[in-house]
Amino acid sequence: MDIFHIEGPVRLSGSVKINGSKNASLPIMAASILAKGKSVLSSVPHLSDISVCGQLLGQLGCTVDRSPNDNLCIDATVIDNPVGEYEIVRRMRASICILGPLLARCGRAEVSMPGGCAIGDRPIDIHVRGLRELGAKIHLKNGYIIAEAPKGLKGKAIFLGGAFGSTVLGTANVLMAATLAKGKTVIESAACEPEITDLANCLNKMGAKITGIGSPRLSVEGVRELQPVEYKVIPDRIEAGTFMVAAAITSGELHLHNCRLDDMMAVVDKFRNVGVTIDAAGDGCVVTRRKPIKTADITTQPYPGFPTDLQAQFMALLSLARGNSVIIEKIFPDRFMHVAELNRMAANLRKEGPAVIVAGVKKLIAAPVMASDLRASAALVLAGMAAEGTTIVNRVYHIDRGYEKIEERLNPVGANITRQGI
Ligand code: EPZ
């Protein structure tokens with residue numbers, strides 16, 4: 001298990017290229033199951049979650065490899081084992097997004113039920129409800145979801161909202177399944193995240209007939225078959241937001257390339273409110289912080305609201321604001337594992353149910369801290385770059401799930417992060 005030694009404080013300056021989106025790549029990789037033949041995906045990042053997804057598709061019968069020009073090639077000509085094994089699903093919950101496409105392609109799927117998660121309860125009841133509405137028979141056996149539709153799925157109008165709003169991977173599952181269902185499906189209260197838009201665009205390129213893309217009402221005319229695809233994945237808006245915080249928390253200036261501000265309006269708005277300058281530039285933007293950080297109140301929401309996946313990173317930034325901020329988590333109310341760790345670095349955070357009161361401090365002080373989940377770990381790296389002294393972040397593998405060699409991208413722009421294998 002690797003650890004990071006982070007020397008601080010530093011001031012970042014320079015250019016960083018944002019990679020393709022992890023959370024768009026994963027469902028698009030799953031979508032490749034829907035078509036016999038070889039799909040070629042570009043801009044898929046090199047992350048452990050992507051490798052796990054590749055292994056999962058490999059177990060189903062696909063061949064997955066990287067071409068010399070770094071495209072991810074998935075040959076789904078043969079799917080002879082429509083089973084998502086526990087050993088893989090327990091490593092990555094997003095594995096659940098093979099359920100819909102497998103069912104549509106094979107008429108049967110067995111996928112291990114995902115277990116607990118550091119960011120809280122993550123049920124999949126809405127996925128199951130949506131697929132049942134399309135005619136699937138689904139039951140649980142020995143920890144596996146067994147889904148069957150031997151005569152195919154049938155389109156229907158479905159309300160897919162839940163207690164916390166829309167579901168991203170639930171929408172992905174039902175949308176993928178509906179592409180091959182007989183007749184018309186309407187998904188009401190669909191997730192509108194850019195990653196779902198990217199998936200829908202990819203499916204249409206494969207021959208699906210989806211309209212309403214980007215809205216909470218997706219309509220799908222089922223087709224008999226889909227074709228393999230060549231598709232480029234969108235830039236990662238969460239990685240971009242994390243690097244924006246990196247510039248802001250270090251009073252630095254970063255030019256981010258391959259970054260779509262249109263996908264990040266709620267985030268950009270918050271940065272501007274707290275005194276960080278973000279100017280569109282070329283294929284991305286320039287992020288600069290010259291003034292003290294102002295306070296802000298943040299409530300996480302489904303897109304186009306402020307994303308839960310940037311909540312921890314903003315908490316690190318607001319720890320250094322002049323005054324009190326309130327952060328309310330409306331998607332995963334227990335996603336606060338970073339609070340105690342940031343407090344170890346002299347932040348002043350108080351959790352009150354699904355909210356955290358952030359009392360700004362003058363400086364953060366380095367400490368050994370424990371990474372708990374992907375975005376919480378990113379927050380610790382950000383805090384470590386601003387803190388005085390040497391911060392040690394344990395369990396760096398959480399960061400590697402979603403950020404490709406983060407230290408090799410931050411060090412050239414002024415960070416001082418050393419990875420040590422232990
Ligand atoms: C996706 O997870 C992302 N993962 C998460 O990214 C992200 O935090 C989350 O969406 C919210 O934006 C991927 O795209 C791979 P949800 P997902 O279903 O789809 C409740 C990261 O750091 N719900 O949209 O699993 C759920 O508990 C991560 O990259 C149900 O109640 O999240 C939550 O409160 C981690 N029943 C809300 O809906 C269900 O059946 C939204 O979750 C499904 C979800």
Side-chain angles (χ1 to χ4, degrees), residues 12 14-31 39-50 53 66 69-72 94 97 168-169 172 191-205 213-214 229-248 253-271 276 278-288 302-311 313-314 374-375 378 381-382 399-406 408-410 412-413:
L12 300 189
S15 295
V16 176
K17 179 172 177 274
I18 300 304
N19 288 328
S21 161
K22 165 181 86 78
N23 288 349
S25 297
L26 293 169
I28 288 174
M29 287 173 74
S39 289
V40 179
L41 308 178
S42 55
S43 212
V44 176
H46 288 259
L47 299 170
S48 53
D49 272 12
I50 298 292
C53 189
R66 288 267 179 181
N69 55 359
D70 207 33
N71 290 335
L72 188 74
C97 66
V168 175
L169 291 180
C192 303
E193 270 68 4
E195 294 75 20
I196 292 296
T197 295
D198 207 32
L199 170 67
N201 286 334
C202 176
L203 289 166
N204 274 355
K205 204 171 173 205
I213 296 174
V229 71
E230 284 183 20
Y231 194 78
K232 184 172 180 200
V233 172
I234 54 168
D236 195 314
R237 65 192 168 104
I238 305 301
E239 183 177 271
T242 304
F243 278 96
M244 287 174 177
V245 175
E253 175 167 313
L254 286 180
H255 188 164
L256 304 183
H257 296 276
N258 194 36
C259 163
R260 301 198 327 184
L261 292 184
D262 284 355
D263 290 346
M264 305 179 65
M265 288 181 68
V267 176
V268 170
D269 183 61
K270 254 337 148 194
F271 273 118
V276 176
I278 299 192
D279 293 319
D283 65 345
C285 62
V286 176
V287 186
T288 318
Y303 189 85
F306 190 92
T308 172
D309 291 347
L310 284 172
Q311 177 255 107
Q313 300 90 316
F314 256 75
L374 168 54
R375 309 302 172 187
V381 172
L382 295 167
I399 302 176
D400 295 335
R401 293 185 61 171
Y403 298 92
E404 186 175 333
K405 297 187 180 135
I406 196 165
E408 290 181 20
R409 296 165 71 211
L410 287 168
V413 293

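At a threshold of 4.5 Å between non-hydrogen side-chain atoms, the residues Val276 and Met244 do not count as touching. Residues Pro307 and Val267 are in side-chain contact: their nearest non-hydrogen atoms beyond the backbone lie under 4.5 Å apart. Counting only heavy atoms from C-beta outward, the side chains of Ile234 and Asn201 never approach each other to under 4.5 Å. At a threshold of 4.5 Å between non-hydrogen side-chain atoms, the residues Met29 and Ile50 count as touching. Counting heavy atoms from C-beta outward, Ser39 and Tyr231 have side chains that stay 4.5 Å or more apart. Using a 4.5 Å heavy-atom threshold, the side chains of Ile238 and Gln313 count as touching. Side-chain atoms of Val413 and Val16, non-hydrogen and from C-beta on, do get closer than 4.5 Å to each other. In this structure the side chain of Arg66 reaches within 4.5 angstrom of the side chain of Leu72, judged on heavy atoms.
Heavy atoms only, all atoms of each residue included: Lys232 and Ser43 are closest at CG-CB, 3.9 Å. The heavy-atom pair separating Gly20 from Pro45 by the smallest distance is O-CG, 3.3 Å. When every heavy atom of Gly214 is checked against every heavy atom of Thr197, the shortest pair comes out as CA-OG1, 3.5 Å. Minimum heavy-atom separation, Cys53 to Leu26: CB-CD2, 3.6 Å. The two atoms that bring Gly402 and Lys22 nearest to each other are CA-CD, 4.0 Å, heavy atoms only. Here the closest heavy-atom approach between residue Pro27 and residue Ala172 is recorded as CB-CB, 4.2 Å.
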Verdict with reasoning, Leu41 to Ser25, per side-chain contact (heavy atoms from CB on, under 4.5 Å): CA-CA 8 Å; Leu41 308 178; Ser25 297; over 6 Å; no
Intermediate values then yes/no, salt bridge (charged side-chain N to carboxylate O under 4.0 Å, His left out), Lys205 and Glu230: CA-CA 8 Å; Lys205 204 171 173 205; Glu230 284 183 20; over 6 Å; no
Stepwise side chain to side chain donor-acceptor pair (under 3.5 Å) check, His46 with Asp70: CA-CA 9 Å; His46 288 259; Asp70 207 33; 2.8 Å; yes
Worked check of side-chain contact (heavy atoms from CB on, under 4.5 Å) between Ile278 and Leu261: CA-CA 9 Å; Ile278 299 192; Leu261 292 184; 4.1 Å; yes
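In this structure, Leu12 CG and Leu410 CG are separated by 6.5 Å, a value rounded to the nearest 0.5 Å. Taken from CG in Leu374 to CG in Asp400, the straight-line distance is 9.5 Å, to the nearest 0.5 Å. A distance of 11.0 Å separates CD1 in Ile399 from CZ in Arg375, rounded to the nearest 0.5 Å. Distance check: Phe306 CZ to Met264 CE gives 9.0 Å after rounding to the nearest 0.5 Å. The CZ atom of Arg409 lies 12.5 Å from the OG atom of Ser15; values are rounded to the nearest 0.5 Å. Between the CG atom of Asp279 and the OG1 atom of Thr288 there is a distance of 6.5 Å, given to the nearest 0.5 Å.
The aromatic rings of Phe271 and Phe314 are tilted relative to each other, their planes meeting at an angle between 30° and 60°.
In this structure a side-chain-to-backbone donor-acceptor pair under 3.5 Å is present from Glu239 to Asn19.
Of the residues listed (Arg260, Lys17, His257), the one engaging Pro235 in a side chain to side chain contact (heavy atoms under 4.5 Å, CB included) is Arg260, and it is the only one.
The existence of a salt bridge linking Arg237 and Asp263 is excluded, since no basic side-chain nitrogen approaches an acidic carboxylate oxygen closer than 4.0 Å.
With sequence neighbours excluded, no residue forms a side-chain hydrogen bond (donor to acceptor under 3.5 Å, both in side chains) with Asn258.
Defined by atom type and a distance below 3.5 Å, a donor-acceptor pair is missing between the side-chain atoms of Tyr403 and Asp236.
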